[in-house]
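One structure is given below, encoded as structure tokens.
Ligands are counted one by one from 1 in listed order, and the atoms in each one are counted from 1 as well. As the structure is a computational prediction, the values presented were derived from the model and not from experiment. Just so it is clear, the values below take in all heavy atoms, side chains as well, and ignore hydrogens, waters and symmetry mates.
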Amino acid sequence: MTNDGNYKKSKIGNHRLKPETMMMSYGYNPQLSEGSVKPPVFLTSTFAYQTPEEGEESFHIMAGRKPAPQGSLGGLIYSRFNHPNVEIVEDRLSLFEGSECSVVCSSGMGAISAILLAYLRPGDVIVQSAPLYGGTETLIRKFLPQFNIETGEFHDGLDEDDMLTSLRNAGKKGRVAMVFNESPANPTNSLVDFEALNRVLDTIKTETGHRPISVCDNTLMGPIFQQVVPQGIDMAMYSLTKYVGGHSDLVAGAVCGSLDMLRAVRATRGTLGLNLDPHTSWMISRSLETLSIRMQRAADSGHKVAQWIADNAYINAKILHPDFIKNTVYQAVYKRQCSGPSSTFSFVLDISKSDAFRLINNLSIFKSAVSLGGSESLVCHPASTTHSGVSAELRDKFGVTDGLIRLSIGLEHPDDLIADLDNAFRLTFAAAK
Ligand SMILES: *Cc1c(COP(=O)(O)O)cnc(C)c1O
């Protein structure tokens, strides 16, 4: 038996293969590339047709004038629309998210832009959970209003009444076309209850005749510890720059959902020129092979580090890590929606900004940088960096205080990370005690 026809294999007899296994094979046929076990980087801008009829057919399919053949998106045309390296990533990411398909973009912000511009029109309202990632906040609150798209927000994703009231209030400004949420949210790890959100959206549909489209930014836990499309969210959005890329050496994004839901997103990506290049796509296909073990290891280490901070002898700390948030509603939603924690979490100390800076300066393994989900551990002071554009009043409301410090735990040995923290806590706080 040749490898031909095996490259979309998802079962052996009745046994369903796990995504981890399929990351090394799915969607790439070595026999089409000289037997090369790994996909080549297809450095080409355009693809030759065997006949002009084939070219005509490909354009009919791309423009949506004809359906694609079963199990295909149509032929390759031009690298702004599609190319083999990006299609391999889309096929494989869908396996992890549990979605029918994916659209990969040149950044997480590019993916969000494609979603918003595909589905929002002047006069519409978008409702968001708050706070969102800083770039998303800017896009929704500062960019969209220039196109007469209004915004609304809800603050407690665990409170069904709060979400329903917020959507009804937003509906007074126009048609609520979309609800965009982040769960868990950065840097507090707060959650949105998807079952409650879906009930709210059903109610809005009954009341207005339109069910707002739901989108979840699944960057923090997905696709290993949380899949949102199978939980009834219309689209999952990813910054692949973070855990999926996983080595802090690339920028990319993605949207996952049904073929129907992503048709407009794919078309918007092509129109605006938001596709990802072949080389970066290839790097992501490499990263996907180790994604599951990387996220698992980082999560295990993250739990150990959080436990050390919770138990530390130097100073009282509040831990905003999903395993350590002692709220019964939160825990019920966490257990229902997620299969593990993200290795990105914060701790809150009752200290000034200068003491927070002293603590960060006393760390030697943790690098002081924004971003998260890489192989190296990072420390970040959100109030003065990622969330510095948010007003002090809003920061207080969301709990992003001067004493909140965020960690992204990477792949170093957890004992070394704990030794680094122990040293820094001792240098910063022991004298004070
Ligand atoms: C980084 C990030 C984004 C933006 O992604 P880019 O790849 O930087 O464009 C969006 N959402 C979250 C939660 C992020 O962490």
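In terms of N/O distances under 3.5 Å, ligand 1 is not approached by V251.
Here the side chains of T188 and S346 are not in contact, with every heavy-atom distance at 4.5 Å or above. Taking the side chain as every heavy atom from C-beta outward, V179 and L197 approach each other to under 4.5 Å. Taking 4.5 Å as the limit, some side-chain heavy atom of Y133 sits within range of a side-chain heavy atom of E182.
Aromatic ring centres of F425 and W308: separated by under 6.0 Å.
Ligand 1 places these atoms under 4.0 Å from at least one heavy atom of A252: 7 (O). Distances below 4.0 Å separate heavy atoms of K242 from the following atoms of ligand 1: 1 (C), 2 (C), 3 (C), 14 (C), 15 (O). Per-residue contacts place T241 under 4.0 angstrom from the following atoms of ligand 1 (heavy atoms of the residue considered): 6 (P), 7 (O).
The protein heavy-atom contact nearest to atom 4 (C) of ligand 1 is Y133 CE2, 3.4 Å. When only non-hydrogen protein atoms are considered, atom 5 (O) of ligand 1 lies nearest to S239 OG, 3.0 Å. Looking at atom 6 (P) of ligand 1, its nearest protein heavy atom turns out to be G108 N, 3.4 Å.
Note: F147 and F143 have tilted aromatic rings, judged against thresholds of 30 and 60 degrees for the angle between ring planes.
Remark: of the listed residues I319, N312, V305, L320, I319 is the sole one forming a side chain to side chain contact (heavy atoms under 4.5 Å, CB included) with F347.
Under a 4.0 Å heavy-atom criterion, D217 is in contact with ligand 1.
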